[in-house]
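What follows is a set of notes on a single structure, which appears directly below.
Order of the sequence lines fixes the chain letters, A, B, ..., with proteins taken first and strands second; residue numbering starts at 1 for each chain.
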Amino acid sequence: MNYEQIIQLALERGFYFPSCEIYSDAPAGFWEYGPSGTSLKNKFIELWRRELVRRDRMWEIDGSQIMSKSVFVASGHLSSFADPIATCQKCKSIFRADKMIAEITSIVVPESADLSEFDTIIKEKNVTCPKCHGTFDSVRKFNMMFKVGIGPQSEDAYLRPETCQSIFVDFPRLFKTMRGKLPIGIAQIGKSFRNEISPRQSLLRLREFYQAEIEVFCNPNKLNDLERFSEIENTELRLMTDDRIQVMSCKEAVDSKVLPNKLVAYYLGILVEFYQKTGIDISKSRFRKLGEKEKAFYASSAFDFEVETTVGWLELVACNYRSDYDLKSHSVTSKEKFEVLDDNEKVLPHVFEISMGIDRSLYTILEHGFREDKENDRIVLSIKPYLAPIHVGVLSLVKKDGLAEKTDEIFLNLRRKFDTFLDHSGAIGRRYRRLDEVGAPFAITVDHQTLQDDTVTMRMRDSMNQERIKISELEHHLENHVAYP
RNA sequence: GCGGAGUUAGUCCAGCCCGGCACGACGUCAGCUUCCCAAGCUGAAGGUCGCGGGUUCAAAUCCCGCACUCCGCACCA
């Protein structure tokens, strides 16, 4: 099983495919979800809501994707979310200016330095193109945000490069009007946009992608004062520090100081419990503590939740302790007050963030669920029943003798409650195979016995076993088996 | 962005060297058959041959440019 097979399945069975594919000017890095993919995504998001938002009583918001320039002045994205780039005048090769200078002259110029500093060093040290020894144009910044023009005057604004900025910007109003009490999580699902230099591998590196972000606002003096920690204290985490994965409970992780405090451990704990329920193989996962150089510019400590796939370790979630970086800078830029009362103590909350990549998570669910059943010559998507795009196929064994009509009747009774697929045509085995490929956990089939005793067969996707079941019990039976855990 | 390899129906692909009606399989659809796992028979639909330009009486095929995909480099909040 590999990446190629997953993308083939995705294209053939309506999970996802390239955007604007009929036109030759379709830019890279944009993909669409088809019916199966959309159904899977909706169910994944519902699971996320159940296991994180509702479980922790977070607030969920839905902010706008276009945000004002000031937001990104304050957030630092305008200056920091950009790479200094040097272009060779002769061969047009493009290099990261800071990396190239460091390599050739061993002089370390910080990435965020003034552009003229790069030019000065390039001139003084006579740095030329590593490929053709041509001379360079002036160093410029390539900002990874998409700029948009608002209204007839085309005022600068930007597509958000992460969903969380609206959570920070909205925090003062939300905390006041929703009767907030620290610690409080604010969650958001939505699209983010990054102008990647080189998008790759379909859903794994997109220019337009879905994030599910949670920002937990907390009192920095009470990070170990968390009653609900007991819910997850025995939950096992696979923590990677110094190139080694250690499996330990959340409690052990805090006690041994591998994790800085109970608040961080609690959220990593409920996160891993969520991922267990997605069917992703947790034994192929790790929380990797990022080193100083790998961390984002706003993070004071960071753990990536990574999963092993056929294309290597894949970062699904970035967990960043952002301290008061965001609230402080928005407060300074906007003059809005972000301090809140916590037990009569005035505090500027710190933020712990759980920033999930939905598209990558969905890819991993597909890959970890993909099974080549050689014995039965079939491909099976063994995903959790509650995530399956189709819950149940409704089939007639043959069309004649009134079986089709009976099948239609059953279908009409089920279609509002479940994601169903009605199919009368072709060989029964072929129809079962098709359902296996979209991960439908059940298929019910109307046969001649149905007309005599009002029972149908129910076939299980993974085992291919069948049992007979009364039509009157179908709904109840399915409800039990496709319910969220 | 760079280097390499590719791009022909929903999918896999033949044809390209040597220009002359775009081939086959799988899949899809309809009918027949069929009492449970990709069976069989009959028929059908489905193509801007990645895009644009050039050469030619004639281009999937030869030439030029571009885009996209994959691999590697670089990049990756």
(request) In whole angstrom, give the distance that lies between atom CG of A:L11 and atom P of B:A9. (result) 13 Å

(message) Please report the distance, rounded to the nearest Å, between CZ in A:F303 and C1' in B:A77.
(response) 17 Å

(request) May I ask you to check whether A:F30 and A:F193 place their ring centers less than 6.0 Å from one another? (result) no

(request) Considering only atom P, compute the distance from B:G27 to B:U42 and round it to an integer number of Å. (result) 15 Å

(message) Is the shortest side-chain heavy-atom distance between A:L159 and A:I66 below 4.5 Å?
(response) yes

Using distance only, find each side-chain donor-acceptor pair of residues 469-476 of chain A under 3.5 Å and give its atom names and separation, not counting sequence neighbours.
{"residue": "A:E475", "atom": "OE2", "partner": "A:K417", "partner atom": "NZ", "Å": "3.0"}

(request) Using a 4.0 Å heavy-atom cut-off across all strands, classify A:T457 as base, sugar-phosphate, or nothing. (result) base

(request) Quick one: pull up OG1 in A:T309 and CD in A:E306 and give me the separation to the nearest 0.5 Å. (result) 10.5 Å

(request) Check every strand shown and say whether A:A28 touches a base, only sugar-phosphate, or nothing at a heavy-atom separation below 4.0 Å. (result) sugar-phosphate

(message) Can you check the distance between B:C37 and B:G43, where both ends of the measurement are the C1' atom (answer in whole Å)?
(response) 26 Å

(message) Whole angstroms only, please: what is the CZ-C1' distance between A:R205 and B:G1?
(response) 12 Å

(message) In whole Å, measure the gap between the P atoms of B:U61 and B:U7 for me.
(response) 12 Å

(request) Please tell me which of A:D401 and A:D423 maps to the more 5' nucleotide of RNA chain B, matching each residue to the nucleotide holding its nearest heavy atom. (result) A:D423

(request) Evaluate salt bridge (charged side-chain N to carboxylate O under 4.0 Å, His left out) for A:D423 paired with A:R430, printing each intermediate quantity in order. (result) CA-CA 11 Å; A:D423 200 345; A:R430 180 181 301 281; over 6 Å; no

(message) Distance check, P atoms only: B:A74 and B:A39, in whole angstrom units.
(response) 49 Å

(message) Can you check the distance between B:U28 and B:C70, where both ends of the measurement are the C1' atom (answer in whole Å)?
(response) 28 Å

Filtered N/O pairs between nucleotides 38-44 of chain B and protein, under 3.5 Å:
{"residue": "B:A38", "atom": "O3'", "partner": "A:R430", "partner atom": "NH2", "Å": "3.4"}
{"residue": "B:A38", "atom": "N7", "partner": "A:D377", "partner atom": "O", "Å": "2.7"}
{"residue": "B:A38", "atom": "N6", "partner": "A:E437", "partner atom": "OE2", "Å": "3.3"}
{"residue": "B:A39", "atom": "OP1", "partner": "A:R430", "partner atom": "NH2", "Å": "2.9"}

(message) Under 4.0 Å from OP1 or OP2 of B:U33: is there any side-chain N or O of A:K399 that close?
(response) no

(request) Starting at atom CG of A:L403, determine the distance to atom C1' of B:C36, rounded to an integer number of angstrom. (result) 12 Å

(request) For B:A60 and B:G3, measure between their C1' atoms and round to the nearest Å. (result) 27 Å

(message) I'd like the C1' distance from B:U11 over to B:U69, given in whole Å.
(response) 16 Å

(message) In this structure, how many angstroms lie between the P atom of B:C37 and the CG atom of A:L395, rounded?
(response) 13 Å

(request) Calculate the interatomic distance between A:L435 atom CG and B:C36 atom P; express it in whole Å. (result) 18 Å

(message) Just the rounded figure in Å: distance from P of B:C36 to CG of A:D447.
(response) 9 Å

(message) Under 4.0 Å, counting only non-hydrogen atoms across every strand here, what does A:Q8 touch: a base, just sugar-phosphate, or nothing?
(response) sugar-phosphate

(message) Please name the nucleotide paired to B:G3 by Watson-Crick or G-U wobble geometry with both distances under 3.5 Å, or report none.
(response) B:C71

(request) Quote, to the nearest angstrom, the C1' distance that separates B:C32 from B:C18. (result) 47 Å

(message) Could you tell me if the side chain of A:F287 sits less than 4.5 Å from the side chain of A:M240, heavy atoms only?
(response) no

(message) I need the CG-P distance between A:L203 and B:C70, as an integer number of Å.
(response) 11 Å

(message) Here's a test for you: under salt bridge (charged side-chain N to carboxylate O under 4.0 Å, His left out), which of A:K400, A:R459, A:K406, A:R468 qualifies with A:D447?
(response) A:R468

(message) So, OP1 or OP2 of B:C71: does either fall under 4.0 Å of a side-chain N or O from A:Y3?
(response) no

(request) Look at the aromatic rings of A:F44 and A:F274 and report parallel, tilted or perpendicular, splitting at 30° and 60°. (result) perpendicular

(message) Return whichever of A:E12 or A:K400 has its heavy-atom-nearest nucleotide of RNA chain B closer to the 5' end.
(response) A:E12

